[in-house]
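Structure record follows, encoded as structure tokens.
Note that this is a predicted model, so its numbers are computed, not measured. Naming convention: chains lettered A, B, ... in sequence-line order (proteins, then strands); numbering from 1 in each chain.
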Amino acid sequence: MYALADCDNFFVSCERVFEPSLRLKPVLVLSNNDGCVIARSNEVKALGIKMGSPYFQIKDIVDRYNIRIFSSNFILYGDMSNRIIMTLHKFCNSVEKYSIDEAFLNLKDLNILDYNEFAQSIHKQCKKNVGLPISVGIAKTKTLAKLASRLCKYYPALNGSCVLKKTENIKTVLTKTKIEDIWGIGRKHTMMLHSFGIYSAYDFYIKDPTWIKKRMGITGLSTQNELKGIECIAFETSPAAKQQISVTRTFAAEIDNLEDLKEQTSLYVDKACSKLRAQHSLCTQVMVFILTNPFKQNTPCLYDAKKILFPVPTNSSLEINKNVADTVKEMFRPGVRYKRAGISLSHFVNDKNIQLDLFDKIDRNKHTNLMKTIDEINIKTGKNAIGIASESLKGFKMNRNHLSKHFTTDWNDIIELHC
DNA sequence: TCTGGGGTCCTAGGACCC
DNA sequence: TCTGGGGTCCTAGGACCC
């Protein structure tokens with residue numbers, strides 16, 4: 001059996017922990033740049049505000065219903081997420097952190113007599129330890145556990161936990177679940193399935209597997225099997241090293257000069273490379289792209305992307321930044337107003353097996369030592385104390401007008417109690 | 001005026017080999 | 001008229017997730 005513990009309206013709930021008066025009030029969290037809605041309280045959902053709605057389009061409703069707005073505070077959310085994971089570890093050794101707000105637990109080695117009780121105690125402990133509401137679903141496969149935890153959000157009477165075990169119960173639930181609400185069924189497949197008269201998860205459940213394989217490939221077939229209680233999606237205890245590390249940003253204001261653009265991409269390189277080094281990888285490919293505002297009416301979006309190949313695998317911020325800066329210069333078109341840029345590192349190898357180049361001009365040891373020292377200082381200070389000289393000192397060009405404090409990670413922001 | 005960011009896996013098709 | 005067969009590796013793009 002697997003459990004899925006999924007925090008309810010995670011980002012909103014994190015903000016409410018430090019401002020409890022917002023508990024039954026409408027609250028939403030915006031993406032970077034205060035651009036789009038990325039988390040909604042139940043009250044906001046009830047007002048019909050959709051996930052991903054651009055903020056400027058819903059400002060009227062926000063004002064009318066006095067909705068409280070927050071800019072995204074990922075430092076806070078990341079730390080709250082770690083606290084949840086720590087609590088889950090008290091119940092089970094096998095915890096797979098699936099995303100910032102949810103984790104799977106592999107229950108196979110536990111001797112659980114009453115799954116309902118077990119799920120309830122996780123729910124209660126998370127609330128007590130971290131202050132966050134969490135929905136715990138338990139079932140034979142990950143896909144069914146997902147479904148079980150989802151039920152908690154629709155049926156408050158379940159009080160945050162649900163066990164789906166008996167086939168008859170599963171079939172009843174599937175009949176009442178829309179196919180698009182199943183984990184792994186996205187927009188395109190929903191449209192395709194609808195066109196064949198498949199609307200409920202149960203319609204999908206009883207469909208001929210050969211038909212599903214033909215139209216939806218192996219992943220569609222896996223989803224069907226998982227609904228039948230046949231495990232197809234493996235449990236991963238230790239997180240695999242990333243195969244790709246990207247940093248991309250939309251600018252608050254358009255950038256029309258090369259220097260500002262390079263200052264931004266230097267920041268991306270710095271951020272991406274420290275992640276790369278943290279997982280002990282080197283990369284041999286970096287993709288760089290710049291583009292104009294794709295939403296602008298009557299002006300086509302200009303997009304340029306270029307791939308940089310490194311014959312000797314590297315994780316040196318300096319080496320990568322030099323190449324990225326040169327590439328940005330090549331792609332930059334004077335007079336064009338850029339709105340977004342990004343880089344993506346890929347094709348990784350372990351930093352212990354480097355294939356050297358006979359004609360290498362770079363002193364690799366020097367770079368490695370320098371990077372190691374920079375990382376150590378930045379980890380020790382907890383801030384980006386040292387970076388690349390070409391970086392913008394002002395950081396990302398980003399709007400964040402409704403940012404809460406870093407309550408749990410910065411002494412200056414520690415919560416104050418007034419008695 | 002104003003529209004996020006970071007990932008994974010699968011598959012078809014091209015390029016190449018003999 | 002008529003042009004094989006079997007394989008691997010890589011990549012771009014699609015679909016999905018949060």
Task: Between B:dT8 (C1') and A:Glu96 (CD): distance, integer Å - done: 12 Å

- [ ] Using only side-chain N and O atoms of A:Lys188, determine if any of them is under 4.0 Å from OP1 or OP2 of B:dC10.
- [x] no

Task: Sugar-phosphate, base or nothing in reach of A:Tyr55, heavy atoms under 4.0 Å - done: nothing

Task: Residue whose nearest DNA chain B nucleotide is more 5′ - A:Phe56 or A:Gln244 - done: A:Phe56

Task: A:Phe104 ring center near A:Tyr2 ring center (under 6.0 Å) - done: no

- [ ] Report the residue from A:Lys25, A:Glu43, A:Glu19 that forms a side chain to side chain contact (heavy atoms under 4.5 Å, CB included) with A:Arg68.
- [x] A:Glu19

- [ ] Flag the pair A:Lys394 and A:Glu263 as a salt bridge only when some basic side-chain nitrogen lies within less than 4.0 angstrom of an acidic carboxylate oxygen.
- [x] no

- [ ] Please work out if A:Lys339 contacts a base, only the sugar-phosphate, or nothing of the nucleic acid, heavy-atom cut-off 4.0 Å.
- [x] sugar-phosphate

TODO: Indicate whether the side chain of A:Asp34 and that of A:Ser71 have a donor and an acceptor atom separated by less than 3.5 Å.
DONE: yes

Open item on the list: Between A:Met216 and A:Pro54, which residue's closest nucleotide on DNA chain B lies nearer the 5′ terminus?
Closed with: A:Pro54

Open item on the list: Considering every strand and a 4.0 Å limit on heavy-atom distances, what is the contact class for A:Asn33: base, sugar-phosphate, or nothing?
Closed with: nothing

Task: Of the listed nucleotides B:dT3, C:dT11, B:dT11, the one nearest the side chain of A:Ile218 - done: B:dT11

Open item on the list: Counting only side-chain heavy atoms from C-beta out, which of B:dC9, B:dG7, C:dC17 sits nearest to A:Tyr98?
Closed with: C:dC17

TODO: Scan A:Ile100 against the nucleic acid and name what it touches under 4.0 Å (heavy atoms): base, sugar-phosphate only, or nothing.
DONE: nothing

Task: Euclidean distance, atom CZ of residue A:Arg400 to atom P of B:dG5 [Å, nearest integer] - done: 11 Å

Task: Check ion pair A:Glu236-A:Lys142 (N to O, under 4.0 angstrom) - done: no

Open item on the list: Any side-chain N or O of A:Thr248 below 4.0 angstrom from OP1/OP2 of B:dG6?
Closed with: yes

Task: Selection from B:dG7, C:dC17, C:dT11 that lies nearest to any side-chain heavy atom of A:Trp183 - done: C:dC17

Task: Residue A:Lys275, side-chain atoms from C-beta onward, closest of C:dC18, B:dG4, B:dG7 - done: B:dG7

- [ ] May I have the distance from A:Leu221 (atom CG) to C:dC16 (atom P), rounded to whole angstrom?
- [x] 16 Å

Open item on the list: Is the ring pair A:Tyr205/A:Tyr202 parallel, tilted or perpendicular, if the boundaries are 30 and 60 degrees?
Closed with: parallel

Task: Watson-Crick and G-U pairing of DNA chain B, under 3.5 Å, as dot-bracket with | and [ ] - done: ....||||||||||||||

- [ ] Would you indicate what A:Leu30 reaches in the nucleic acid, counting non-hydrogen atoms under 4.0 angstrom: base, sugar-phosphate, or nothing?
- [x] nothing

Open item on the list: Does a side-chain N or O of A:Thr250 approach OP1 or OP2 of B:dT3 to a distance below 4.0 Å, or not?
Closed with: no

Open item on the list: Any side-chain N or O of A:Arg187 below 4.0 angstrom from OP1/OP2 of C:dG14?
Closed with: no

Open item on the list: Under 4.0 Å, heavy atoms only, any strand: does A:Lys307 hit a base, just the sugar-phosphate, or nothing?
Closed with: sugar-phosphate

- [ ] Please work out if A:Asp101 contacts a base, only the sugar-phosphate, or nothing of the nucleic acid, heavy-atom cut-off 4.0 Å.
- [x] sugar-phosphate

Task: Protein-nucleotide distance (A:Phe104, atom CZ; C:dC17, atom P), rounded to Å - done: 12 Å

TODO: Determine whether the aromatic ring centres of A:Tyr115 and A:Phe118 lie less than 6.0 Å apart.
DONE: no

Open item on the list: Whole angstroms only, please: what is the CG-P distance between A:Asp34 and B:dG5?
Closed with: 12 Å

Task: Separation of atom CG in A:Asn9 from atom C1' in C:dC18, rounded to whole Å - done: 14 Å

TODO: Under 4.0 Å between any heavy atoms, over every strand shown, what does A:Lys146 touch: base, sugar-phosphate, or nothing? Just pick one.
DONE: sugar-phosphate

- [ ] Examine distances only and state if a side-chain atom of A:Glu180 and a backbone atom of A:Thr190 form a donor-acceptor pair shorter than 3.5 Å.
- [x] no

Task: d(CD1, A:Ile38; C1', B:dT3) in whole Å - done: 13 Å

Task: Below 4.0 Å: OP1/OP2 of C:dG14 and any side-chain N or O of A:His189 - done: no

Task: Any donor-acceptor pair under 3.5 Å from A:Arg83 side chain to A:Asn129 backbone - done: no

- [ ] Please report, rounded to the nearest Å, how far the P atom of B:dC10 is from the CD atom of A:Gln243.
- [x] 11 Å

